[in-house]
Every structure is written in structure tokens, then in C-alpha cells.
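Please read the structure below before turning to the comments.
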Amino acid sequence: MDKHARWLALIAAIMLLALFTGVIGCSPQESTRHILKIGFLREIEGLNPFTIWSYQAYEVMNLNYNRLITWDEDMNVVPDLAKEWTVSEDGLTWTFKLQEGVKWHDGEPFTSADVKFTFEYIRDNELGYFVDYVAAMTDIQAPDDATVVITLEEPLAWMPNILVPILPKHIWENVDPEEANSDYENAEPIGTGPFRVVEHVTGEYTRMVANKDYFKGAPKIDEIFFQTFANADLMVEALKRGDIDAITSCPAAQFKALQEEAPEGITLLDAMTPAFTELSINVWDDPSSQGNPLLRDQRIRAAMEHAIDRQRILEVAFFGYGEVGSTLVPSIYDFWHLKLDESEFRSFDLEKSKGILEEAGYKVGANGIRVSPNGEPLSFTVLVRSESPDSRKAAELIREWFKEVGIELKIEAIDEGALTDRIYEGNFDMFIWGWFVDIDPSSILKIMTTGEIMSWSDCFYSNPEYDELYEKQRSILDPEERREVIHEMQRIVYRDAPYIILSYDPELQAYRTDRFKGWVQNPAGGPVIFTNTIETYEKLEPIN
């Protein structure tokens, strides 16, 4: 590298450092800009709402775009872009009245035409995760700029929870739907949200600036800087030094250490979330599956569950944070969550595990590994994320328990991107990862339907009885009646064991209360950031 190139590189490094510390430039106005700096441990994979999948990317999306509705701390539906709504007696027609005077980030007016376009664009082209929320909309009308009328093919139990970011028609109508669902970057996303993305470097940082024309009132902070860290130790040290203001999804070991030595002005939060961590098992009964076919035997999966001490995993791998997992809907959603009684729950019992395998004909070989009647060894590989030391520890514990009952478990650590590819190729035996579950259970329940194979399903489970119940619960408007069906669906999945849900997960966060005030836990008792809403960002104020 010549001197000129080195000089340019040095200037670039200085400018990036100045940007990160919020002191770029030298005018008094710029030096007093209030920048909220947030650290986390994985990259934001993109800005296109139809191709993102991580909750980090969804956080940026939710700040950039609004939905029609949002939720309060008690998880009641409250206005967002829609200020009010009504429904016909038959439950088929919903009329939304929109906020007035809302503008897109580029200054264009927001109208009902944007809502109509968004829903039809997603519905007609089956785009992304959001299609489930609009697929049943048979007709969408915009009789005036402030009104949207939606007609459904059948009543939908989860309405009006339409978890869809509203997009600007004047931009997205020029985007080919095939490109939107694949490689469209959306490099300069235009929304109505309180912040807009102005800079994004994959794997490094994303910078957002305040929307001073935000319809709920201009944010009191000027920028948000999302910083990706290579490891948890670097992230925690940056928080302690004051280089960043908040961290999210802090690994349990570092969080435990922070509790013992957190500097003054840093608040620690151990909050329950609508998330779980599961051991997912490839049960795909198809020639395309690259998983070990022995795992299609439910008896092996049941024996595996009896060989896992979830409480011990919480204590050792997760340092006591979280709750023992069981069924598909997390316990934070108490109304929908199925609480298994002792006779249903497959508790830790190594002798019972051995008994199930013996009765099924899997005998212990000379090397201590059980084999099938055809001589196939019970030897499997579990994939864990290299970004998650907690998952690695959990896998190591499980490996030792499995060894005691005659199952060999190999551990392979790969990054999240590679794991995602492996999952949706069906190229795995098992993996440890998790889900963040929407407020209405339909989304997590749908993942287990046959139609989601090669889409959102990550265990390739199929059960016609379950599929029928999923369709049935969608149109049951009485909550108590619907809950009975949803409980039965959870019971079926638990019985068949394509997942072994290890834990209901906490969100371990740390944030500075000496610099900012207005942190909001949503839902009540939940996290302050990276949650279902953006209320913290809307209310946060600098302390100076």
C-alpha cells in the first residue's frame, strides 16, 4: 500500500471512530447530538423486509416502518398508523381509520393507498413472512385517503393483529416482486417510523437518524447506532467504558459477571420474553432429507427427551436464567400456553430413556452405542451456532447424558448464516436455536404445518390431524373455544416431539440510566428494547 492509500485509510478510520462516538464534525450543534448506541453479537443481514429473518433486522425494520396497530404493556392492541377500527357483525369486514398528516421519510404524504398497495403486493406475490396476515383478505378498498376497508374470506381470530410493515406505494410499485423476494437490497428504506436508516454496513453497524416529522412527535434522541461486536467480552467492555449505551441478548456468563461488577449508572434487566430455545430434530420423511432416518422414529425422540435435564441446562449453560421449556407457545403468553401435568411431561429420567430404547429394539453394542435391528448406530450430529456459547454448553451437557443411554452425539459449531442454509436444505440431524413468538400464536403454530415444509418449517414435521386443527382455530372467534384447540395442537406436537423445547428464554439486557431516561418494558416485565414494540425509542430522553 502506498503512502497516499494509507493516508486515505487513516482518514476513513478516524471518520468512522468519530461517527461512532458521536463527535464527527466540530460545530457546537453537532457535538451535542444525542446518539443512542446499542451493541449486539450478530450482523443485521439486510434491510429488505421480505428477506430478513433475524430479530436484530426486525428491530431496525420496526423503527423504520409502522404497522396499522401496536400493543401496550398489557399486550392490548392499540393504534399505530390506524387510529381506530370497527368490524361488522359477521366478522368479515374491517374498517380502519388512519392517522392524518402522516408523511413518509421523503416528504410524500401517507394515505390509505399505501396500505392497500402493501397488502395486495404481499398477498398477490406471496412475499415473505407477512403473507399469512394478508392471504385471507379477499378485497381491500381505499374509499378515501384516511380509510381502509378489508373484506375477509372468513372471520380471523387474530384480527386486527396485522403484523405487516406498511410500505410506500410510490417506491415499492417500481420493485419487481420476484426481486423483492430475493436480492432487492432496499438500501435506502423509506418509511413513516420514528427513525430512518441512513447508513448500513453488513456485519459492522447500522445508523438511523430521527424523523423530526414523526406523527407521534419527534424523538428526543437524534440517532441510533447499532454496533455489531465480534464477541460478548468486547461488547460488555464497551458498555462498561461508556462507548455504547445498551446491550441486548447478553450471554449468561457475561451477564452474571456484570451483576457482580456493573458500574454505577448501568441497569441490568433479566426479563422473560416470548421466545424459546429448542433442540430441533429433522423428522422429514422424504428422499430429499439429508438427516439420519432413524430420527423419524418417535420413540428415539421421546427417549432423547427423557435423557435431557432441562433444569441442569438452565443452571450450567444459562447460569440459572430462563424457565424450563415444554410446549410450543411460551409461558409468557399464559392464556395460550399449554401447561402439561406431570403425567404428560417427559421429565429427566435416564432409566426410562434406556427402557424406551430397549423396548424399541435398539440394543447396546460393544462400543456402548446402541444400534437398530438392522445394525445402524444411534449416532447423530447436533449443529450449534458459533455465535452462541450458551448453546454449545447445552449441547455438551446433552452429549454426556445421551452417552449414558447409548446415543452418540457429535457437536458441530457453524455460524448462523451457514446453519440457516443447512436447515432449509434439510441437511442436518439436529440443531439448537430458537424462535421469537408473535403475540397471537398462529404464527408459531403454522411453522409445524405440512405446508411450511421447505418454507418456515425447520424440522419438516407433518401431521394431518394437526393441519386440520390449525385451519380450524383460525376462524374461532370465541377465545376460550379457540384456546382448547390451540392447547390440543400443542399437545400433539409435544407427543410427536419434532422439537424438544429446552427453555423459555430470558432477554438479558443492560442499559445506561445515567445517560437516558424513559426506558419502557413492553410487555410489562419484559425487555426495554428488541421486543414487540418500539415504545422505548419513542419515549427515550437524554439526561443532560
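No more than 12 heavy-atom neighbours from other residues, nucleotides or ligands sit within 6.0 angstrom of NZ on Lys403. Surrounding CD of Glu178 are at most 12 heavy atoms belonging to other residues, nucleotides or ligands under 6.0 Å away.
Checking side-chain atoms of Tyr499 against main-chain N and O of Thr277 turns up no donor-acceptor pair under 3.5 Å. Side chain of Arg422 to backbone of Asn427: a donor-acceptor contact under 3.5 angstrom is found. Side chain of Asn186 to main chain of Leu47: a donor-acceptor pair is present (N/O by atom type, distance under 3.5 Å, no hydrogens or angles). For the pair Glu408 (side chain) and Leu378 (backbone), a donor-acceptor distance under 3.5 Å is absent. Using modelled atom types, one side-chain atom of Asn282 and one backbone atom of Gly426 make a donor-acceptor pair closer than 3.5 Å. No side-chain donor-acceptor contact under 3.5 Å links Thr531 to the backbone of Val528. For Ser462 (side chain) and Thr450 (main-chain N/O), no donor-acceptor pair under 3.5 Å exists by modelled atom type. Judged by distance alone, the side chain of His200 and the main-chain N or O of Glu188 form no donor-acceptor pair under 3.5 Å. Judged purely by atom type and a 3.5 angstrom limit, His306 has no side-chain atom pairing as donor or acceptor with the backbone of Asp349. Judged purely by atom type and a 3.5 angstrom limit, Glu179 has no side-chain atom pairing as donor or acceptor with the backbone of Asp176.
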Quiz prompt | Check against side-chain contact (heavy atoms from CB on, under 4.5 Å), Lys446 and Glu452 | solution = CA-CA 7 Å; Lys446 187 174 184 183; Glu452 290 302 298; 3.2 Å; yes
Practice problem: Please assess Thr206 against Val197 for the test side-chain contact (heavy atoms from CB on, under 4.5 Å), listing each intermediate value before the final yes or no. | Solution: CA-CA 7 Å; Thr206 301; Val197 175; 4.2 Å; yes
Practice problem: Apply the test salt bridge (Lys or Arg N to Asp or Glu O under 4.0 Å) to residues Lys240 and Glu237: give CA-CA distance (whole Å), side-chain angles for both, the deciding distance (0.1 Å), then the verdict. | Solution: CA-CA 5 Å; Lys240 290 162 65 176; Glu237 285 304 312; 3.2 Å; yes
Quiz item: Is there a side-chain contact (heavy atoms from CB on, under 4.5 Å) between Leu350 and Glu404 once you walk through the steps?
Solution: CA-CA 8 Å; Leu350 293 176; Glu404 290 191 48; 3.2 Å; yes
Practice problem: Run the numbers on Arg385 and Glu416 for salt bridge (Lys or Arg N to Asp or Glu O under 4.0 Å), then give the verdict. | Solution: CA-CA 6 Å; Arg385 293 169 292 142; Glu416 290 182 353; 3.1 Å; yes
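Rounding to the nearest 0.5 Å places CD of Glu223 at 4.0 Å from CD1 of Ile35. Here the CG atom belonging to Leu419 is positioned 8.5 Å from the CG atom belonging to Asp415, to the nearest 0.5 angstrom. Separation of atoms CE (Met208) and CD (Glu59) is listed at 9.5 Å; rounding is to 0.5 Å. If you take CD1 on Ile453 and SG on Cys459, they are separated by 8.5 Å, rounding to the nearest 0.5 Å.
Trp435 and Trp456 have tilted rings, their planes meeting at an angle from 30° to 60° on a 0 to 90° scale. In this pair, Tyr537 and Phe195 present their aromatic rings perpendicular. The plane angle is above 60°, beyond the 30 to 60° band. Taking the six-membered ring for Trp and thresholds of 30 and 60 degrees, Phe530 and Phe40 have ring planes more than 60 degrees apart, a perpendicular arrangement. Between Tyr461 and Tyr466, the ring planes lie perpendicular to each other; the angle is over 60°, past the 30° to 60° tilted range.
Among all heavy-atom pairs drawn from Pro506 and Thr273, the shortest one is C-CG2, 4.1 Å. Shown here for Ile486 and Gln473, the closest heavy-atom pair between the two residues is CD1-OE1, 3.8 Å. Met75 and Pro523 get closest at one heavy-atom pair: CG-CB, 3.8 Å. In terms of heavy atoms, Tyr121 sits closest to Val175 at OH-O, 2.8 Å. Scanning both residues, Ile244 and Met235, for their nearest heavy atoms gives CD1-O, 3.6 Å. Across all non-hydrogen atoms, the minimal contact from Ala180 to Thr51 is O-CG2, 3.9 Å.
The side-chain contact (heavy atoms from CB on, under 4.5 Å) test with Met430 is passed by exactly one of Val382, Val384, Thr381, Ile398: Val382.
In this structure, Arg346 is positioned above the aromatic face of Tyr494, its NZ or CZ under 6.0 Å from the six-membered ring centre and within 45° of the axis.
Counting heavy atoms from C-beta outward, Leu269 and Glu507 have side chains that stay 4.5 Å or more apart. Residues Ile52 and Met61 form a side-chain contact, since some pair of their non-hydrogen atoms from C-beta on lies under 4.5 Å apart. For the pair Met448/Pro498, a side-chain contact is recorded, criterion being any heavy-atom separation below 4.5 Å from C-beta on. Proximity of Phe130 to Pro165: side-chain heavy atoms (C-beta onward) are separated by under 4.5 Å at one or more points. Looking at heavy atoms from C-beta onward, Ile281 lies in side-chain contact with Ile500 at the 4.5 angstrom threshold. The side-chain heavy atoms of Leu295 and Met304, taken from C-beta on, include a pair separated by under 4.5 Å. Residues Val283 and Arg301 have side chains in contact (heavy-atom distance under 4.5 Å, counting atoms from C-beta outward). Within the 4.5 Å cutoff, the side chain of Asp438 has heavy atoms near those of the Leu163 side chain.
A donor and an acceptor atom, one from each side chain of Asp496 and Gln298, are nowhere located under 3.5 Å apart. For the residue pair Ser288 and Asp286, a side-chain donor N or O sits within less than 3.5 Å of a side-chain acceptor on the partner. There is no side-chain donor-acceptor pair under 3.5 Å between Asn48 and Glu185. Judged purely by distance below 3.5 Å, without hydrogens or angles, the side chains of Asn181 and Asn125 never pair a donor atom with an acceptor atom. In this model, no donor atom of one side chain and acceptor atom of the other lie less than 3.5 Å apart for Asp440 and Trp336.
A salt bridge is defined here as a Lys NZ or Arg NE, NH1 or NH2 lying under 4.0 Å from an Asp or Glu carboxylate O, and Arg512 with Asp245 fails to meet this definition. Ionic pairing of Arg474 and Glu471 is present here: one or more N-O contacts between side-chain nitrogen and carboxylate oxygen are shorter than 4.0 angstrom. Looking at Glu45 and Arg42, a side-chain N of the basic residue comes within less than 4.0 Å of a carboxylate O on the acidic one, giving a salt bridge.
Checked against the 6.0 Å centroid criterion, the rings of Tyr205 and Phe226 do not qualify as a close aromatic pair. Checked against a 6.0 Å centroid threshold, the rings of Phe428 and Phe431 count as neighbours.
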Side-chain polar contacts of residues 310-321 - donor-acceptor pairs under 3.5 angstrom, sequence neighbours left out - could you list them?
residue: Arg310; atom: NE; partner: Gly325; partner atom: O; Å: 3.0
residue: Arg310; atom: NE; partner: Ile501; partner atom: O; Å: 2.9
residue: Arg310; atom: NH2; partner: Glu305; partner atom: OE2; Å: 2.3
residue: Tyr321; atom: OH; partner: Gln259; partner atom: OE1; Å: 2.6

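Residue pairs meeting the ring-ring contact (aromatic ring centres under 6.0 Å, His included) criterion with at least one member in residues 376-416, sequence neighbours excluded: Phe348-Trp401.
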